[in-house]
Participant: 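Before I ask anything, let me first share the structure, which is written out below as structure tokens.
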Amino acid sequence: MLELHQYTCVCIPALHSLCELYKLSECLNDPNLAQLVEIATEFALQGEKAKQLLPHEAVNILRRVKELYCFLVPNVWQTGSLFATIARNKSIHQFFCRSGFDVFRCHSIKAQLEHNVAMLDHLYAAYSFVEPFMDVKQDFKCLLTKVAGLDILPGVKKLEDVSSNLNVLSLWFSEAIDQEDVPRSTEVMDQEDVPRSTEVMDQEDVPR
């Protein structure tokens with residue numbers, strides 16, 4: 001029953017909110033996600049009645065939820081924590097949408113982080129956790145497959161560490177753009193309010 005509660009009250013709502021926040025249209029249009037949201041909504045509406053489900057009823061609902069998740073959530077507690085952390089730290093997503101993997105090609109940033117290997121490691125980890133939510137063209141199963149391949153437990157702490165140092169990292173990256181020929185691709189994310197992952201940054205968009 002606790003596992004079902006974690007799915008319906010934490011994991012599903014957080015995942016759906018992330019898909020809406022970052023406009024992952026293919027995921028939002030997926031019938032599996034729609035059915036998961038329907039189950040979570042019904043579960044929430046039942047309130048205290050949901051706690052009175054008979055064991056076989058809870059087992060059947062949980063089995064259906066896992067089927068809709070394509071059996072790609074190895075640990076629902078860790079996954080729910082990850083989704084909540086990414087949603088809470090939107091600025092990290094914005095930073096990587098703006099810089100993409102190019103942030104790791106900047107010699108000046110690598111030089112700044114040479115004395116702080118842990119932060120560089122955390123930056124790589126943060127990118128790996130945010131990257132699944134940067135592709136607006138992927139489908140729901142693809143997103144879940146990426147998330148299932150993450151080492152979530154240590155990654156959540158690393159995400160928080162990067163978030164607390166993001167102002168400095170953004171400044172370093174903006175200076176690197178001025179000083180280096182940082183490569184850029186031209187793919188534009190289908191979002192107005194989130195900086196582009198691989199788009200050439202306009203000078204006015206560069207954080208100062």
Side-chain angles (χ1 to χ4, degrees), residues 2-28 30 32-33 36-37 40-41 43-44 65-66 68-101 103-104 109 113 116-136 138 140-173 189 191 193-197 207:
L2 286 176
E3 186 178 10
L4 178 59
H5 180 274
Q6 185 70 12
Y7 268 110
T8 57
C9 297
V10 179
C11 198
I12 294 172
L15 176 57
H16 184 246
S17 294
L18 282 174
C19 290
E20 287 188 323
L21 182 62
Y22 299 124
K23 299 182 180 178
L24 305 183
S25 57
E26 293 298 319
C27 294
L28 291 170
D30 191 286
N32 279 28
L33 180 57
L36 285 168
V37 171
T41 301
F43 201 85
V65 166
K66 290 183 176 182
L68 293 170
Y69 260 108
C70 307
F71 299 100
L72 288 171
V73 179
N75 188 311
V76 65
W77 285 272
Q78 292 182 14
T79 304
S81 176
L82 172 65
F83 293 157
T85 301
I86 294 174
R88 188 169 58 249
N89 294 282
K90 182 180 178 181
S91 55
I92 295 180
H93 184 276
Q94 292 176 327
F95 173 71
F96 283 121
C97 282
R98 183 172 284 156
S99 65
F101 199 78
V103 65
F104 301 108
I109 289 183
L113 292 174
N116 193 338
V117 178
M119 181 51 64
L120 183 59
D121 172 67
H122 290 188
L123 193 61
Y124 274 108
Y127 181 84
S128 71
F129 282 96
V130 172
E131 188 275 334
F133 298 92
M134 293 168 60
D135 183 1
V136 299
Q138 69 187 328
F140 186 53
K141 185 174 183 179
C142 179
L143 173 62
L144 293 176
T145 300
K146 290 179 180 179
V147 171
L150 299 173
D151 187 9
I152 294 176
L153 192 58
V156 170
K157 177 62 168 61
K158 293 177 181 180
L159 273 171
E160 297 284 9
D161 288 344
V162 169
S163 179
S164 64
N165 291 278
L166 202 58
N167 287 340
V168 173
L169 292 169
S170 295
L171 177 62
W172 288 348
F173 187 72
M189 294 183 69
Q191 283 180 260
D193 55 340
V194 179
R196 275 53 174 171
S197 59

Participant: List the residues meeting salt bridge (Lys or Arg N to Asp or Glu O under 4.0 Å) with E20, not counting sequence neighbours, and say none if there are none.
Facilitator: none
Participant: Nearest 0.5 Å please: distance from the CZ atom of F83 over to the CZ atom of F133.
Facilitator: 5.0 Å
Participant: Using side-chain heavy atoms (C-beta onward) and a distance below 4.5 Å, is L166 in contact with I92?
Facilitator: yes
Participant: Taking the side chain as everything from C-beta on, heavy atoms only, tell me whether H122 gets closer than 4.5 Å to N165.
Facilitator: no
Participant: Do H16 and L33 come close enough that some side-chain heavy atom pair is under 4.5 Å?
Facilitator: yes
Participant: Any chance you could measure L4, atom CG, to C11, atom SG, to the nearest 0.5 Å?
Facilitator: 12.0 Å
Participant: Would you say the side-chain atoms of Q138 pair up with the backbone N or O of P132, donor to acceptor, closer than 3.5 Å?
Facilitator: yes
Participant: Do L15 and T79 have side-chain heavy atoms sitting under 4.5 Å apart?
Facilitator: no
Participant: List the atom pairs, with distances to 0.1 Å, where a side-chain N or O of residues 149-160 and a protein N or O form a donor-acceptor pair under 3.5 Å, not counting sequence neighbours.
Facilitator:
residue: K157; atom: NZ; partner: D161; partner atom: OD1; Å: 2.9
residue: K157; atom: NZ; partner: D161; partner atom: OD2; Å: 3.1
residue: K158; atom: NZ; partner: D121; partner atom: OD2; Å: 3.0
residue: E160; atom: OE2; partner: R88; partner atom: NH2; Å: 2.7

Participant: Relative to each other, are the rings of Y22 and H93 parallel, tilted or perpendicular (30° and 60° limits)?
Facilitator: parallel
Participant: Indicate the ring-plane relationship of Y69 and Y7, choosing parallel, tilted or perpendicular according to the 30° and 60° boundaries.
Facilitator: tilted
Participant: Supply the atom-to-atom distance I86 CD1 to S17 OG, rounded to the nearest 0.5 angstrom.
Facilitator: 12.5 Å
